[in-house]
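Worksheet for the structure shown next.
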Amino acid sequence: MSENAMDFRPGRIIGVNIGKNKTSKDHVGDYVKGVTCLGGFADYLVVNVSSPNTPGLRDLQGEKYLGELLTAVMKARDALPTRPKVDYKKRKDQRLAKW
């Protein structure tokens, strides 16, 4: 990250929405890369597992996959010099998985 990368932030809240690539075989890697590349610019990150236009994305909303994904995202976030808050976007009718 550039030494001046944080200069544009004073007084503004910046959220970064991260997701998987449409053709990706490594969904967890896509999210982790989003965190490592963009997390330093964010006040908060949104893990998006709800885009209806990305094939297979909603499959990641299952308890097994969501737990794995959020664990990897949090580990990547914890390695950043700053620690933005993390939330996730799910479909409206889904309850938060216990993990």
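For this chain, numbers begin at 1 and follow the sequence in order.
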Quiz item: If every non-hydrogen atom of Val35 is compared with every non-hydrogen atom of Val73, which pair is closest and at what distance?
Solution: CG2-CG1, 3.9 Å

Quiz prompt | Where at least one partner belongs to residues 72-84, residue pairs that pass salt bridge (Lys or Arg N to Asp or Glu O under 4.0 Å), sequence neighbours excluded | solution = Asp78-Arg83

Quiz item: Which heavy atom in Leu45 sits nearest to a heavy atom in Gly39, and how many Å separate them?
Solution: CD2-CA, 4.0 Å

Quiz prompt | Pairwise side-chain contact, Leu69 with Val47, heavy-atom cut-off 4.5 Å (strictly under) | solution = yes

Exercise. Please name the pair of heavy atoms, one in Gly19 and one in Tyr31, separated by the smallest distance, quoted to 0.1 Å.
Key: CA-CE2, 3.4 Å

Exercise. First locate atom CD of Glu68, then atom NE2 of His27, and finally report the distance between them rounded to the nearest 0.5 Å.
Key: 5.0 Å

Quiz item: Sub-3.5 Å donor-acceptor pair from the side chain of Asp30 to the main-chain atoms of Asn21, do we have one?
Solution: yes

Quiz item: What are the two closest non-hydrogen atoms of Ala42 and Val16, and how far apart are they?
Solution: CB-CG2, 3.6 Å

Quiz item: Any idea which heavy atoms bring Ala76 and Val32 closest together, and the distance?
Solution: CB-CG1, 3.9 Å

Self-check item: Tyr88 vs Asn48, side chain to side chain contact (heavy atoms under 4.5 Å, CB included): CA-CA, chis, key distance, verdict
Solution: CA-CA 6 Å; Tyr88 83 100; Asn48 188 341; over 6 Å; no

Self-check item: With Asp26 via side-chain contact (heavy atoms from CB on, under 4.5 Å) - residues at least two apart
Solution: Ser24, Val28

Quiz item: Is a side-chain N or O of Asp43 found less than 3.5 angstrom from the main chain of Ile14, in a donor-acceptor match?
Solution: yes

Quiz item: Got a second to check how far Leu38's CG is from Asn17's CG, nearest 0.5 Å?
Solution: 10.5 Å

